[in-house]
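Here's the structure we're looking at; comments come further down.
Along the sequence shown, the residues carry numbers beginning at 1.
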Amino acid sequence: AARLPALAYLGVSALLLIPAAFFHSLPRWERAFLGMLAFGATAAMLVGVRSPSSSGALLALAYPASFAASALVALGADRLFAARRDPLTPRLWGPLLLISIVFIFLFVLAPGPTRGRMIPFAAAILLFSLFRTRWAGMLSSAVLLLFLFIDLGSSMANHQAHPFFVQSDAPVVEQRLAALLRETALDDRAHVSTWPSNTRLHANIGMSDGFRMAGGAAIPLTREQRRWWDALGGVGPEGDAVSPALLDISGDSAHGPLLHVMAVRAVAATEGGGLDGRVPAGLRLRRRGDYGDVVVFVNEDVLPRISWAKSWQIALDINAAIEAISAPDFNSGRECIIVPADTALSHLVGIIPDQRPTPVGVAPEQDPPASMRLLEDRPEHVSIAVANPAPGLLVLSDSYDPGWRAYVNGQPAPMLRANGLFRGVVLPRGEHVVAFRYRPLPFYLGAIVSIATLAALLAFGARALLRQRVPRSIS
């Protein structure tokens with residue numbers, strides 16, 4: 001289905017404030033007018049984007065709908081966060097009760113990402129309901145503004161824009177293109193190289209269409225990742241800390257093989273968008289299909305997302321890893337590059353001592369292949385069953401981060417930084433279940449601080465309420 005314009009999205013926290021607007025002291029007819037304009041214009045837009053025969057001019061209703069909804073949000077915030085002399089007045093608890101009911105109803109129905117955006121709203125409401133003072137109202141409003149800014153910023157970065165007043169088949173092309181990319185990528189990744197202003201193909205199309213992506217637009221990067229994309233041909237401001245939407249690997253790029261170890265099986269590019277219809281040196285990209293100015297390639301030399309390496313080499317940093325992977329004699333199907341991290345290297349040497357890649361021109365030993373099967377694949381938990389008749393390294397081409405922990409048969413195991421940016425675990429011969437779990441230290445620190453803060457707020461709120469209820473003696 002076609003999507004509403006970006007202007008039509010106000011943020012989850014803002015929408016939850018609208019019920020409180022109908023308790024405001026503004027004249028009733030003005031509140032009714034704003035409510036009918038906001039809901040009526042939004043309903044007309046929803047009908048317009050679903051009907052193929054409707055005019056694209058209906059999308060222009062986003063302007064009055066957004067204006068009216070924003071006015072209701074402002075009235076709701078003004079009504080809700082105003083300090084009251086009497087903390088038990090219905091003028092305070094009436095809007096709070098209605099908003100709480102709406103919040104619980106939407107929280108049950110909403111998907112996981114939307115629930116995460118609703119939690120800061122609940123924290124701000126809880127803070128004000130406990131203290132009901134002017135400073136609490138100001139602090140709660142500031143918290144809502146901060147998270148509303150984050151919500152709108154992340155939504156705009158991943159939004160596929162559609163032009164107003166233009167009858168276009170872009171949504172249909174996008175669906176067909178997304179299906180082709182999904183079929184081409186299989187269990188691996190797709191990369192989209194396009195200009196950010198392209199309305200036919202968005203660099204973050206995988207986020208809305210359910211397949212894995214490599215790169216994208218406006219995605220934060222670490223220094224190592226930024227260096228990787230610079231070597232690969234990312235087009236963007238030098239030193240920029242976000243991923244480039246445009247990838248220039250046309251011509252004689254020496255680092256094209258970096259795509260292999262990223263598990264990039266499908267590549268889509270537009271005219272003037274990096275590949276420009278040409279196959280770079282060092283890559284075997286087979287043209288799979290065309291949709292207007294969009295060309296889809298399949299990478300014939302891709303390293304699967306889950307792979308097995310029998311040998312390894314040391315690279316002291318990300319620059320050395322990039323050069324080693326880009327070397328003509330590097331065989332990603334048999335070996336991997338290890339960047340030393342913590343004590344994992346000594347564990348690797350203990351299981352695979354003095355293991356080196358087979359020299360060029362020498363036939364490798366025919367060891368029985370290792371079998372790998374994905375058991376569970378979630379954003380914060382990946383588990384893999386491995387049966388390997390000889391020692392080796394399991395390589396998962398997902399981003400390495402110190403917050404990830406590796407477990408082999410339920411026991412903690414050292415995790416390696418494999419192929420520059422990814423995760424690896426060394427395994428002795430046998431059958432194993434390898435699990436990767438995301439357990440970052442800031443998460444636990446944040447949980448402790450949040451629990452302590454909530455306990456303090458509840459304690460101070462209860463104390464203030466008891467003081468107000470106990471009459472003071474008159475001397």
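Among Leu181, Leu180, Leu186, Asp188, the one residue that satisfies the side chain to side chain contact (heavy atoms under 4.5 Å, CB included) test with Thr184 is Leu180. The side chain to side chain contact (heavy atoms under 4.5 Å, CB included) test with Asp398 is passed by exactly one of Leu396, Asp401, Val395: Leu396.
Residues passing the side chain to side chain contact (heavy atoms under 4.5 Å, CB included) test with Ile325 are Trp228, Leu258, Val261, Phe330, Ile337, Asn419, sequence neighbours excluded. With sequence neighbours excluded, the residues satisfying side-chain hydrogen bond (donor to acceptor under 3.5 Å, both in side chains) with Arg212 are Asp377. Judged as a side chain to side chain contact (heavy atoms under 4.5 Å, CB included), and not counting sequence neighbours, the contacts of Glu323 are His255. Remark: Phe107 engages Phe103 in a ring pair (Phe, Tyr, Trp, His ring centres under 6.0 Å) (not counting sequence neighbours). Remark: Arg423 pairs with no residue by the side-chain hydrogen bond (donor to acceptor under 3.5 Å, both in side chains) rule, at least two apart or across chains. Under the rule for a side-chain hydrogen bond (donor to acceptor under 3.5 Å, both in side chains), Arg182 has no partner lying at least two apart in sequence or in another chain.
Ile99 contributes atom CD1, which lies 11.5 Å from atom CG of Leu106 (distance to the nearest 0.5 angstrom).
Within 6.0 Å of the CZ atom in Arg405, the count of heavy atoms belonging to other residues, nucleotides or ligands exceeds 12. By the neighbour-count criterion of 12 heavy atoms within 6.0 Å, atom CZ of Phe105 is sparsely surrounded, having that number or fewer from other residues, nucleotides or ligands. For Phe22, the CZ atom sits in a packed shell: over 12 heavy atoms of surrounding residues, nucleotides or ligands are nearer than 6.0 Å.
Electrostatic pairing of Asp301 and Arg284 counts as a salt bridge here, judged by a charged N lying under 4.0 Å from a carboxylate O. Salt-bridge formation is detected for the pair Glu376/Arg378: a Lys NZ or Arg NE/NH1/NH2 atom is positioned less than 4.0 Å from an Asp or Glu carboxylate oxygen.
Under the 3.5 Å distance criterion, the side-chain polar atoms of Ser383 are left unmatched by any main-chain donor or acceptor of Ala435. Side chain of Ser307 to backbone of Leu303: no donor-acceptor contact under 3.5 angstrom is found. The backbone N or O of Ala266 sits nowhere less than 3.5 Å from a side-chain atom of Asn299 that would complete a donor-acceptor pair.
The two residues Ala406 and Val425 make their nearest non-hydrogen contact at CB-CG2, 3.7 Å. The nearest pair of heavy atoms linking Arg79 to Ala20 is CG-O, 3.6 Å.
Judged by the 6.0 Å distance and 45° axis criteria, Arg437 is positioned over the aromatic ring of Tyr407.
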Test log, rule side chain to side chain contact (heavy atoms under 4.5 Å, CB included), inputs Val298 and Arg265: CA-CA 6 Å; Val298 57; Arg265 187 180 296 273; 4.2 Å; yes
